[in-house]
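Scroll down for the structure; my scribbles are underneath it.
These values consider heavy atoms only, across backbone and side chains, with no hydrogens, waters or symmetry-generated copies. In the text below, chain A, chain B and the rest are named by the order of the sequence lines, each starting its count at 1.
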Amino acid sequence: MKSKYQKIKGTFDILPPDTQLWKEVEDILHNISEQFSYKEIRTPALESINLFQQNVGYETDVSKEMFSWEDQSNQQVALKPEMTAPVVRAYIESGFFRSNPLCRLYYIDSLFRREKPQKGRQRQFNQFGVEAFGSSSIEQDVEVILMATTCLKALSINETILHINNIGSPETRVKYEQLLKKYFSQNSKALSGLSQKRLDSNPIRILDSKEKEDQLIIQNAPIIKELLTVKEKADFNTLLTNLDTLHIQYEESPHLVRGLDYYNGTTFEITTQSDKSQNALCGGGRYDFLVEQMGGPSTPAIGFAAGIERMIIESKHQIKQNNIDVYISCNESINSPKCFSLIKNLVENDYKVFFDTNKKNVKNQIKDAVKRNASFILIIDQNMTIKNIKSNEESIVSDFQQLLNFLKTQ
RNA sequence: GUGACUGUAGCUCAGUUGGUUAGAGCCCCGGAUUGUGAUUCCGGCUGUCGUGGGUUCAAGUCCCAUCAGUCACCCCA
């Protein structure tokens, strides 16, 4: 029905029965994180705008798409558009780097980006993600990727592709950028307009281009692997070997570059097999320099984030049936004290009740109980009659204990 | 942010070249029947046809604007 008010563009309500699905999906993500001994972190929705502008990169779209404003005390604030910067901020501010040298955190949270909405791309959206601080070893990379694939599997999301790459150290990246610039300059006339613009500002992003005319040139572009150090190459191979052992399929994607500025080393992305535009379920990578850049001690780190909306779209997860145990019929107010004390006792004994406060007639209540898949109906008038709806067995009970006995013996 | 398409009851849709009080199925509510409170039958409810303008004797049907959604670009989760 038309409402006087409508939801803000790009936002959405989660309604029953979908709330049940969301809850179960979130439970799965919580459980897997706890199984890997990651601890939950929750950070404020609102942060100082500088946190994002200075750390995800001025030029990235993420920082351009922020919901931000100046508040009543002239503070520049923003709704968080991504989680890594807030988590790092909290990590430093809390002193976890001292008390918890190998610090593993995870979150499930809402983020905000002022993009043009589309299916799987809302302005308020939800992410699940993990951040692991304090280990520079490649095994940490393996663990994080294993977590990501474990979650997708647990959510019955099959037919995904893990794209993986190593973008090396910042120095390698600079060298690579120069190499690319040189290469693309030689072919600049054949490039698309957008890519030509990027030649100077951010040649690495040309690799991401979807323009047809760019594809051939991109295919033959130099790949960063050639510039990696011996150790970086060895680490990458170790990573791949581990994935092989775990039977995690992957595709080496030498052109996979991530949108945020702070990445180095391993980067990965998990997409669906369709080539629709919102096909990225999960993306992450190493960011060994961000903690220090943000004023903390030099701390290696790696993490990923996954879009909950997108995972739910792809998930084949079936929600659990959560049926009513006892449907309560009590149509005379004079009996309601008796009725409520039974309800209270039933609930305290972990029974799920449904009380028809509309006081329909008993015949319709029975129909209703059947429709709602209730196991029993308790009819409270002068007597109390409990009936097993499936077997039709029924009994008149005089107190809660007798009711309990009946329920237990069914 | 750019472009294209879509917008009729809670849901899925029909509505012929603009022409009388806008329809169906499902859902919901109630009644009847009933040896399975299943089935069946009967009845009822709900819409300013996304919104606002315009053209016309007449607009759900045409035009413009606007809002929202979908798709592509862009970007990313």
Under 4.0 Å, heavy atoms only, any strand: does [X] hit a base, just the sugar-phosphate, or nothing?
| X | value |
| --- | --- |
| A/K9 | sugar-phosphate |
| A/G120 | base |
| A/N364 | sugar-phosphate |
| A/K360 | sugar-phosphate |
| A/L281 | sugar-phosphate |
| A/K116 | base |
| A/K7 | nothing |
| A/D368 | nothing |

Between [X] and [Y], do the side chains contain an N or O donor and an N or O acceptor separated by less than 3.5 Å?
| X | Y | result |
| --- | --- | --- |
| A/Y91 | A/N100 | no |
| A/Q178 | A/Y183 | no |
| A/N279 | A/T271 | no |
| A/T172 | A/S169 | yes |

Rounding to an integer number of angstrom, what distance separates [N] and [M] when you compare their [atom1] atoms?
| N | M | atom1 | result |
| --- | --- | --- | --- |
| B/C67 | B/U51 | P | 15 Å |
| B/G47 | B/A9 | P | 10 Å |
| B/A22 | B/A4 | P | 35 Å |
| B/C42 | B/U56 | P | 48 Å |
| B/C5 | B/C64 | P | 11 Å |
| B/G60 | B/G23 | C1' | 12 Å |
| B/U33 | B/C41 | C1' | 7 Å |
| B/G18 | B/C62 | P | 8 Å |

Pair assignment for [N], Watson-Crick or G-U wobble, requiring both distances under 3.5 Å:
| N | answer |
| --- | --- |
| B/G52 | B/C64 |
| B/A14 | none |
| B/C29 | B/G43 |
| B/G37 | none |
| B/U21 | none |
| B/C73 | B/G1 |

Could you state the atom-to-atom distance from [atom1] of [X] to [atom2] of [N] in whole Å?
| X | N | atom1 | atom2 | result |
| --- | --- | --- | --- | --- |
| A/E309 | B/G69 | CD | P | 14 Å |
| A/I366 | B/A38 | CD1 | C1' | 15 Å |
| A/Q118 | B/U2 | CD | P | 15 Å |
| A/R123 | B/G69 | CZ | C1' | 13 Å |
| A/M66 | B/C76 | CE | P | 14 Å |
| A/E115 | B/C73 | CD | C1' | 13 Å |
| A/K390 | B/A38 | NZ | P | 14 Å |
| A/D13 | B/A68 | CG | P | 15 Å |

Neighbours of RNA chain B within residues 324-333 of chain A, by heavy-atom distance under 4.0 Å: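 Correct list: empty, so none.
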Test of ring centre spacing under 6.0 Å for A/F112 and A/F125: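 So the answer is no for these two rings.
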Nearest to the side chain of [X] - [options]?
| X | options | value |
| --- | --- | --- |
| A/Q278 | B/C76, B/G69, B/A77 | B/C76 |
| A/K367 | B/C71, B/A77, B/G37 | B/G37 |
| A/K387 | B/A68, B/C76, B/G37 | B/G37 |
| A/K371 | B/G1, B/G31, B/C28 | B/C28 |

Using a 6.0 Å cut-off, check whether atom CD of A/E34 has over 12 heavy atoms from anything other than its own residue.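 Correct, the count exceeds 12.
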So with a 6.0 Å cut-off around CZ of A/F96, is the heavy-atom count from everything else above 12?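 Open: at most 12 neighbouring heavy atoms sit under 6.0 Å from CZ of A/F96.
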If each of A/I270 and A/R114 is mapped to the nucleotide of RNA chain B with the nearest heavy atom, which maps nearer the 5' terminus, i.e. the 5' end?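 Comparing both residues, the 5'-ward one is A/R114.
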5′-ward residue of the pair A/I377/A/A305 relative to RNA chain B: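 The residue whose closest nucleotide sits nearer the 5' end is A/I377.
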Closer than 3.5 angstrom, by distance alone: can the side chain of A/K80 be matched with the main-chain N or O of A/P44 as a donor-acceptor pair?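 Looks like yes, one N/O pair under 3.5 Å.
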Assign a letter to each nucleotide of nucleotides 42-49 of chain B from its 5' end: B, base within under 4.0 Å of a protein heavy atom; S, sugar-phosphate only; -, no contact. ------S-
Reckon A/K276 has a side-chain N or O less than 4.0 Å from the OP1 or OP2 of B/C71?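 Result: yes.
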Under-4.0 Å side-chain N/O to phosphate OP1/OP2 contact, A/N279 with B/A77: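 A/N279 to B/A77 OP1/OP2: no side-chain N or O under 4.0 Å.
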Taking A/R42 first and then A/E40, would you say they form a salt bridge - that is, a charged N and a carboxylate O separated by under 4.0 Å?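 A/E40 and A/R42: salt-bridged.
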Ignoring hydrogens and geometry beyond distance, is the side chain of A/R121 in donor-acceptor contact with the base of B/C71 at under 3.5 Å?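 Side chain to base: no pair below 3.5 Å.
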Give me the atom names and distance for the closest heavy-atom approach of [X] to [Y].
| X | Y | value |
| --- | --- | --- |
| A/A132 | A/R104 | CB-CG, 4.0 Å |
| A/F406 | A/T409 | O-OG1, 3.0 Å |
| A/T160 | A/Q273 | O-NE2, 4.0 Å |

Which residue is it: A/R114, A/E82, A/Q53? I am looking for the one with a side-chain contact (heavy atoms from CB on, under 4.5 Å) to A/M66.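 Looking at A/R114, A/E82, A/Q53, the match for A/M66 under the side-chain contact (heavy atoms from CB on, under 4.5 Å) is A/Q53.
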